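Just so you know, these numbers come straight off a predicted model, no measurement behind them.
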Amino acid sequence: MIFSLVPSLPIICPSRPAAAATAAVSAPTSVNTASVTTSTSHSLEATFIQRAAEIADKSAGLTAPHPNHGCIVATPSGAVAGQGFLFGQGTKSAEVQAVEAAGEHCRGATAFLNLESNECPGDDVAVSAFVQAGIKRVVVGIRHPLQHLRGNAVRALRSQGVEVDVLGEDVQSIAIEEARKACLLVNAPLICKAASQLPFSVLKYAMTLDGKIAATTGDATWISGVTARHRLSELRGRSDAIIVGGNTIRSDTNLELSSALDPRLTARQSGGHTPLRVVMSRTLNLPEEAKVWDTTSGIPTMVVTQRGARRSFQKFLASKGVEVVEFDILNPRDVMEYFHDRGYLSVLWECGGTLAASAIACGIVHKVCAVVAPKIIGGRNAPSPVGELGMIEMSQALKLIDVHYEKVEEDMLISGYLQPISDVAPVIPSRDATLAADPAVAPCEPNIISFYNSWDHYGSLSNFSPHSVHMADENGDISTWMTVEHYYQAHKFIGVDDPVAQEYVEKIKSARSPEEATRIARLLQKQRPDLVRPDWDTAKLDVMYRALKCKFSSNPGLKSMLLSTAGSVLVEASPHDLIWGGGRFGNGLNYLGRLLMKLRAEFLSQ
């Protein structure tokens with residue numbers, strides 16, 4: 001089915017781009033027709049790009065934060081023939097979905113992308129899909145902010161004879177500016193990662209009209225209305241982690257636990273993403289009785305603290321399934337740097353004023369979302385959303401940019417940025433460029449190749465990469481699995497003579513992303529350990545190896561990439577997985593890296 005997408009149809013075109021398009025073509029009668037036609041064309045393209053940015057955000061809350069890709073295929077007449085968006089890490093690309101939906105209408109069509117396609121070693125799926133489908137032209141909203149991906153797809157497409165234009169690089173207009181802004185904002189976490197090597201941090205809170213986040217007793221139930229609370233809770237599903245301070249846990253001991261931490265109220269849609277709950281406390285002077293320590297429902301929980309703090313309490317937390325991470329000196333910036341290394345893109349701060357002030361002072365907060373309720377509570381000692389920042393004059397106040405105001409029933413939702421989202425992320429110099437600028441800089445160890453997320457330079461090595469495997473089942477029939485991770489997680493329960501185990505094998509196989517497959521399997525493994533096959537501890541390495549061998553054997557590009565690493569040590573760089581990964585301090589077993597090196601040796605010996 002083909003849908004029309006032109007500025008005259010507001011049901012398809014967003015109102016702001018349509019208005020901008022009208023302004024762009026409004027001109028004195030002396031302007032020639034060709035100029036007006038060109039202006040209309042650019043405005044229409046900006047509308048397509050903004051629409052691509054909108055659909056790119058559709059998986060928010062359903063999967064962990066990831067690069068948001070949206071793609072629209074439009075015919076020469078301006079009708080939408082197909083569209084798609086990247087659902088999550090390891091899933092079918094937006095470009096492939098759009099091409100498949102458009103079918104024969106791809107011939108001579110134009111594809112619109114909010115973000116340049118991923119084109120990395122061993123993974124040219126998106127570019128190949130366009131070329132094979134007969135796409136004539138590709139318009140890109142913004143180039144990829146990650147250095148190892150930036151410009152690759154543009155060059156690859158042009159080398160295949162496809163015309164490529166990047167929005168705003170040759171023509172400027174209000175409509176184009178708005179479209180590019182939409183592209184930047186929908187991938188703000190990714191751009192932040194590239195620019196600052198930190199996750200994108202959002203501080204959110206609700207306060208009364210007189211600036212209080214609770215009464216003097218600590219009671220904060222409820223400041224804002226139901227609708228506003230639901231709006232703010234949507235931010236949780238968009239985050240890898242939710243952070244609170246020790247004061248929040250202590251103040252909630254005798255009260256209903258805050259919505260940020262109550263397992264019943266965490267942001268989780270059906271089968272959706274569950275963010276990590278994080279408690280920051282230097283002293284670990286925390287109560288043992290707190291709902292946040294309940295991890296039986298599969299909600300991951302972490303406590304970050306100062307090295308050596310209350311060893312006995314750390315053991316208690318470990319017994320509850322809570323992960324404890326120690327820092328030499330606990331501060332928000334070091335925690336964010338650690339979360340960046342852990343692969344997180346977005347973090348939500350739901351803390352009190354003291355920790356919020358510390359985070360702002362460290363320069364790691366990028367966005368603020370605040371609900372102001374039409375209430376006055378008073379109280380000299382009632383807490384405010386941000387504590388002491390050391391400012392003594394109003395001229396020192398931090399000003400938000402790109403501020404947005406929205407009335408949510410009786411409340412007012414105000415959001416804005418403390419730091420601008422750069423339109424072009426700084427390009428980190430290459431090793432050769434760095435050595436040329438400063439020979440004293442020690443380069444990275446050349447014989448170690450690290451990988452983690454599927455969008456990393458060598459991300460296609462990951463068991464989460466979007467490459468299906470076709471494996472024979474116990475009856476000899478060939479079965480297709482979306483990723484290696486799907487196959488691995490399901491095989492924890494394959495062969496177990498129990499209808500529940502068999503039911504969950506199918507659930508894992510049909511999971512929409514490797515993240516979801518892992519979540520389903522781990523929760524069942526925790527709740528019903530009796531359903532795990534008895535030989536799993538000894539069989540799991542072989543299961544993973546078979547799946548990896550199938551993946552690389554059936555994909556020449558991936559095999560070539562693996563062979564190109566010959567002579568290098570492969571390290572799965574997960575800082576928290578001490579079995580499959582290398583661990584934060586290199587103390588992990590790195591079984592995934594070992595299996596890949598074993599497979600590489602097998603290929604080289606053939």
Side-chain angles (χ1 to χ4, degrees), residues 67 89-90 93 95-96 116-132 144-160 194 343 427-436 442-470 483-485 488 514 541 544-574 580-582 586 588 590-606:
Q89 179 180 197
S93 72
E95 297 87 343
V96 172
E116 180 183 8
S117 301
N118 286 346
E119 173 72 12
C120 55
D123 188 3
D124 61 351
V125 175
V127 170
S128 297
F130 284 154
V131 173
Q132 293 172 12
H144 210 294
L146 298 183
Q147 181 198 7
H148 65 277
L149 296 174
R150 188 176 181 85
N152 292 356
V154 171
R155 289 190 294 271
L157 285 166
R158 286 173 176 166
S159 70
Q160 294 290 330
V427 178
I428 302 172
S430 66
R431 174 179 178 273
D432 291 341
T434 300
L435 290 176
C444 296
E445 186 64 38
N447 65 336
I448 296 179
I449 292 177
S450 298
F451 61 95
Y452 185 26
N453 289 312
S454 64
W455 58 81
D456 291 338
H457 194 177
Y458 286 92
S460 294
L461 296 175
S462 168
N463 46 316
F464 274 57
S465 74
H467 300 95
S468 59
V469 292
H470 311 282
T483 67
V484 168
E485 185 68 6
Y488 172 80
L541 291 181
M544 180 65 81
Y545 188 76
R546 289 201 310 270
L548 290 171
K549 185 174 182 179
C550 177
K551 167 185 166 179
F552 287 92
S553 297
S554 60
N555 192 312
L558 292 180
K559 184 176 180 180
S560 295
M561 181 191 66
L562 178 62
L563 294 178
S564 72
T565 67
S568 299
V569 176
L570 302 180
V571 177
E572 202 278 356
S574 169
W580 294 105
N590 189 35
Y591 276 133
L592 186 59
R594 294 186 189 189
L595 292 182
L596 287 169
M597 289 186 285
K598 175 183 176 182
L599 180 60
R600 182 179 65 193
E602 181 178 335
F603 284 153
L604 289 170
S605 66
Q606 293 175 352

Next on the checklist: Does Leu461 form a side-chain contact (heavy atoms from CB on, under 4.5 Å) with Met561? I'd like the steps, not just the answer.
Outcome noted: CA-CA 9 Å; Leu461 296 175; Met561 181 191 66; 3.5 Å; yes

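Rounding to the nearest 0.5 angstrom, the gap separating the CG atom in Asn118 from the NE2 atom in His148 is 7.5 Å. The CG atom of Leu563 sits 11.0 Å away from atom CG of Leu558, with the distance rounded to the nearest 0.5 Å. The distance from the CG atom of Leu541 to the CZ atom of Arg546 is 11.5 Å, given to the nearest 0.5 Å. In this structure, CG in Asn453 is found 9.5 Å from OG in Ser574, a value given to the nearest 0.5 Å. In this structure, OH on Tyr545 lies 3.5 Å from CD on Glu602, to the nearest 0.5 angstrom. Atom NZ of residue Lys549 and atom CG of residue Leu595 lie 12.5 Å apart, to the nearest 0.5 angstrom.
Taking 4.5 Å as the limit, every side-chain heavy atom of Ser460 sits out of range of all side-chain heavy atoms of Phe451. Looking only at side-chain heavy atoms (C-beta outward), Tyr488 and Asn463 stay at 4.5 Å or farther from each other. Side chains of His457 and Leu146 form no contact here, defined as non-hydrogen atoms less than 4.5 Å apart. Met544 has its side chain within reach of Trp580: a pair of non-hydrogen atoms, C-beta onward, lies under 4.5 Å apart. Between Leu149 and Glu116 the shortest side-chain heavy-atom distance does not fall below 4.5 Å. Side-chain contact check for Val571 versus Tyr458: every heavy-atom pair is 4.5 Å or farther apart. No side-chain heavy atom of Asn152 sits under 4.5 Å from any side-chain heavy atom of His144. For the pair Arg600/Leu570, a side-chain contact is recorded, criterion being any heavy-atom separation below 4.5 Å from C-beta on.
Of the possible polar contacts, one joining the Ser93 side chain to the Val96 backbone as a donor-acceptor pair under 3.5 Å is found. Ser553 places no side-chain N or O within 3.5 Å of a backbone atom of Cys550 that could act as its donor or acceptor partner. A donor-acceptor pair under 3.5 Å links the side-chain atoms of Asn590 to the main chain of Glu572, judged by distance alone.
Residues Ser454 and Gly90 share a closest heavy-atom pair of OG-N, 4.1 Å. Across all their heavy atoms, Pro145 and Ala194 have their closest contact at O-CB, 3.4 Å. Residues Lys551 and Ser462 come closest through the heavy atom pair NZ-O, 2.7 Å. Nearest heavy-atom pair across Tyr452 and Gln89 is O-OE1, 4.4 Å. Here the shortest heavy-atom pairing between Phe130 and Ser117 reads CE1-OG, 4.4 Å. Closest non-hydrogen pair, Met597 versus Val569, comes out as SD-CA, 3.9 Å.
Take Thr483 and apply the side-chain contact (heavy atoms from CB on, under 4.5 Å) test, not counting sequence neighbours, and it matches Glu485, His486, Pro514.
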